[in-house]
2 protein chains.
Amino acid sequence: MRDVARRAGVSVKTVSNVVNDFPHVSTATKSRVLAAISELGYRMNFSARNLSLGRTGMITLAVPEMRLPYFAELSDEVIVAAAERGYTVLVERTGGLRERELEVLTSDRRRMTDGLIFSPLGLRPADAHRLEVDYPLVLLGERSLHGSVHHVAMGNVAGARAVTEHLLERGRRRVAVIGSYDARGAGAGSLRTQGFTEALAEAGIEHDPRRTGEAIEWTRATGAEAMRRVLDRGIGVDAVYGLNDVLALGAMRVLFERGLRVPEDVAVAGFDDIEEGRFSCPSLTTVQPGRTEIARTAVWLLVDRIARGEPAVAGGRELVVGPQIITRESTGGAVESA
Amino acid sequence: MRDVARRAGVSVKTVSNVVNDFPHVSTATKSRVLAAISELGYRMNFSARNLSLGRTGMITLAVPEMRLPYFAELSDEVIVAAAERGYTVLVERTGGLRERELEVLTSDRRRMTDGLIFSPLGLRPADAHRLEVDYPLVLLGERSLHGSVHHVAMGNVAGARAVTEHLLERGRRRVAVIGSYDARGAGAGSLRTQGFTEALAEAGIEHDPRRTGEAIEWTRATGAEAMRRVLDRGIGVDAVYGLNDVLALGAMRVLFERGLRVPEDVAVAGFDDIEEGRFSCPSLTTVQPGRTEIARTAVWLLVDRIARGEPAVAGGRELVVGPQIITRESTGGAVESA
DNA sequence: TTGTATGCGTTATCAG
DNA sequence: CTGATAACGCATACAA
């Protein structure tokens with residue numbers, strides 16, 4: 001930049017003004033500077049700018065794994081939303097492990113960016129105080145672990161309720177649930193289980209715990225295993241609710257292997273509305289949690305907080321995005337959209 | 001850091017030495033400095049370090065879209081491999097658009113990181129010279145667009161050949177191909193088409209172009225559309241080769257809708273070995289391109305080049321990772337592993 | 001082994 | 001509207 005200044009016969013400050021498109025620059029000097037810039041092939045040094053500005057124009061997105069379709073699709077949305085606001089996204093992979101999640105919150109690497117959008121999975125309620133960080137933070141995806149942190153939640157309970165009710169309306173009474181009870185009590189698992197339980201209770205149905213297939217990780221493989229365990233107990237099942245779509249798809253795979261027809265013998269529903277479920281055979285009834293809105297809202301909240309330089313621990317807002325049930329072939333096709 | 005130095009009664013330099021774990025520091029002063037650091041809650045400023053060092057410890061990964069399972073799984077692997085080498089990954093989303101891809105190569109944002117791992121999709125051979133950049137660059141996934149750039153390729157032709165031969169060995173003769181011919185000639189599409197064509201030719205079979213379903217984008221939806229077009233031409237089809245797995249799964253969905261059984265009526269195979277194909281109904285025969293090895297190799301090549309500060313345009317190496325065919329239910333189950 | 005001085009490339013301040 | 005100069009926080013000679 002100094003070279004450019006010399007070549008254009010102006011000061012460094014003026015070059016900076018031109019580069020940053022500041023208002024008070026005469027057209028003449030501006031074009032002279034621009035000429036010098038292109039002649040010298042000058043490119044700005046971001047590290048220097050970051051140091052001077054105290055900001056980096058990057059935000060961190062911390063998710064369990066990219067290979068989980070929900071997080072892949074979410075990341076896409078976050079990256080797009082961030083780009084709209086002029087931010088680039090640094091991805092941290094936690095594997096859903098509590099250790100790694102705590103590490104991300106305090107790591108040095110995190111400090112390279114202006115803020116964090118964090119989708120915790122392994123964190124327990126007892127870890128809530130660890131979320132009182134001194135940088136902009138927005139939590140994603142489940143119930144607030146800590147009231148003072150911005151948080152964009154999905155309607156886990158409502159969605160789970162609605163989809164369970166849908167199964168019951170289809171005349172199913174022996175509904176298996178695939179996933180984890182998540183005894184920690186704050187995660188999506190327990191909330192979705194809660195919605196499921198509530199719907200059953202309301203219909204006067206008692207859930208037989210033998211129809212619960214637990215799964216710590218939420219993958220197709222663990223969903224399949226959980227489904228096998230339930231079926232192997234020899235208890236009748238006429239519907240399966242997967243706590244998310246990949247679990248449901250894993251379960252569906254096992255039903256296929258055992259020669260059970262979906263939805264004739266067993267209806268299947270999931271949660272997340274990943275694209276895969278629109279093309280599975282049969283296509284999967286699910287809950288659309290409002291992923292796009294969640295991502296956009298999270299980015300906006302974070303960028304706002306960054307812009308106004310607020311301390312992160314001040315008045316966190318909890319925004320809940322409404323879920324929408326999408327009925328497809330796996331429960332017998334469209335009936336209603338609640 | 002100055003505060004820490006003052007508090008510990010040493011110089012800034014000494015603090016820096018401690019933080020960076022330099023050898024020649026006495027244990028006494030070291031512990032005194034560490035104490036001061038924790039008392040003051042000091043954290044290093046990365047922007048400053050980056051400015052001084054001229055490196056950032058970040059690399060950029062440019063992919064079309066995260067929601068495409070292949071790239072989601074690839075990203076996961078790259079992130080893990082980068083972490084092993086102490087690097088963090090910044091994700092750029094190109095959408096597979098040529099414009100965006102060219103932009104990524106020269107953008108200011110790119111300059112925030114030490115190097116680029118780039119999976120081009122829209123770039124044409126004519127754009128090859130645009131790859132002569134002055135920073136460490138590693139290309140991913142297809143044939144070399146430019147000889148002087150490091151490049152990790154998969155065995156597209158060999159894999160496509162093998163999987164087509166597998167279909168032919170199963171007695172199929174009317175094989176449809178779903179995807180794009182990619183007339184630009186350098187992309188995975190044309191290479192995989194080439195392998196397909198070669199295998200047919202070797203078996204003395206002439207490919208009827210009416211059995212080609214083109215698709216610019218490679219998604220489940222475009223795969224389904226392409227399959228529909230082929231079937232609607234009324235020409236017989238006893239096998240389908242999707243140029244990648246999501247295309248094949250989209251095609252399989254259409255076969256399902258039309259009441260065609262897989263593999264009895266129509267055998268189906270894909271390319272990529274995404275996890276989804278292991279759990280689809282039926283499970284999908286495919287080509288495992290060596291994703292993990294590709295990601296690891298790319299990261300190592302890039303980090304090496306960064307470490308030794310070589311100009312990017314010097315002697316690019318092309319490494320080809322061998323593909324492996326994986327036979328599953330969609331072609332009638334395991335027969336051989338080539 | 002540790003301190004001092006200087007540079008990294010930008011932005012901000014405050015004159016002019 | 002523009003220029004000189006001081007931060008920004010750390011690393012790296014080189015000196016002690």
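Below, chain A is the first sequence line, B the second, and so on; all start at residue 1.
Put simply, the side chain of Leu137(A) reaches to within 4.5 Å of the side chain of Phe118(A), judged on heavy atoms. At least one side-chain heavy atom of Val91(B) sits under 4.5 Å from a side-chain heavy atom of Met66(B). Counting heavy atoms from C-beta outward, Asp108(A) and Arg43(B) have side chains that approach closer than 4.5 Å. By the 4.5 Å heavy-atom criterion applied to side chains, Val10(B) and Arg32(B) are counted as neighbours.
To the nearest 0.5 Å, the span separating CD1 on Ile37(A) from CZ on Arg7(A) amounts to 12.0 Å. The OH atom of Tyr70(B) sits 6.5 Å away from atom OG of Ser119(B), with the distance rounded to the nearest 0.5 Å.
Legend: residues meeting side chain to side chain contact (heavy atoms under 4.5 Å, CB included) with Leu53(B), ordered by chain and number and at least two apart, are Arg49(B), Arg55(B).
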Please tabulate, one pair per line, all N/O donor-acceptor pairs under 3.5 Å involving side-chain atoms of residues 293-301 of chain B, not counting sequence neighbours.
from, atom 1, to, atom 2, distance (Å)
Arg296(B), NH1, Glu84(B), OE1, 2.8
Arg296(B), NH1, Glu84(B), OE2, 3.3
Thr297(B), OG1, Glu293(B), O, 2.5

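Under 4.0 angstrom from either OP1 or OP2 of dT1(C) there lies no side-chain N or O belonging to Thr29(B). Note on Asn20(A): a side-chain N or O is less than 4.0 Å away from OP1 or OP2 of dT11(C). In this structure, Ser16(A) does not reach the dT10(C) phosphate: none of its side-chain N or O atoms is under 4.0 Å from OP1 or OP2.
The stretch residues 33-60 of chain B touches DNA chain C through Leu51(B), Ser52(B), each having a heavy atom within less than 4.0 Å of the strand.
Nucleic acid contact for Val25(B): sugar-phosphate only, since backbone atoms but no base atoms lie under 4.0 Å from a heavy atom of the residue.
Between the side chain of Glu65(A) and the main chain of Gly95(A), no donor-acceptor pair closer than 3.5 Å is present. Side-chain N or O atoms of Asp114(B) include none that pairs as donor or acceptor with a backbone N or O of Ile59(B) at under 3.5 Å. Panel note: side chain Thr56(B), backbone Met112(B); a donor-acceptor pair is recorded below 3.5 Å. Formation of a donor-acceptor pair under 3.5 Å by the Asn20(A) side chain with backbone atoms of Ser16(A) is found in this model.
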Applying salt bridge (charged side-chain N to carboxylate O under 4.0 Å, His left out), run through Asp21(B) and Lys30(B) and close with a yes or a no. CA-CA 9 Å; Asp21(B) 225 33; Lys30(B) 179 167 181 174; 3.6 Å; yes
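Over its full length, the helix from dT1(C)-dA16(D) to dG16(C)-dC1(D) turns its helical axis through 30°, comparing axes from the five pairs at each end and rounding to 10°.
Going from atom CZ of Phe22(B) over to atom P of dT2(C) covers 14 Å, rounded to whole Å.
Running 5' to 3' along DNA chain D, contacts with non-hydrogen atoms of chain B at under 4.0 Å begin and end at dG9(D) to dA13(D).
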Please write out the pairs of protein N or O atoms and N or O atoms of nucleotides 3-6 of chain C separated by less than 3.5 Å, giving the distance to one decimal.
from, atom 1, to, atom 2, distance (Å)
dG3(C), OP2, Ser11(B), N, 2.7
dG3(C), OP2, Ser11(B), OG, 3.2
dG3(C), OP2, Thr14(B), OG1, 2.6

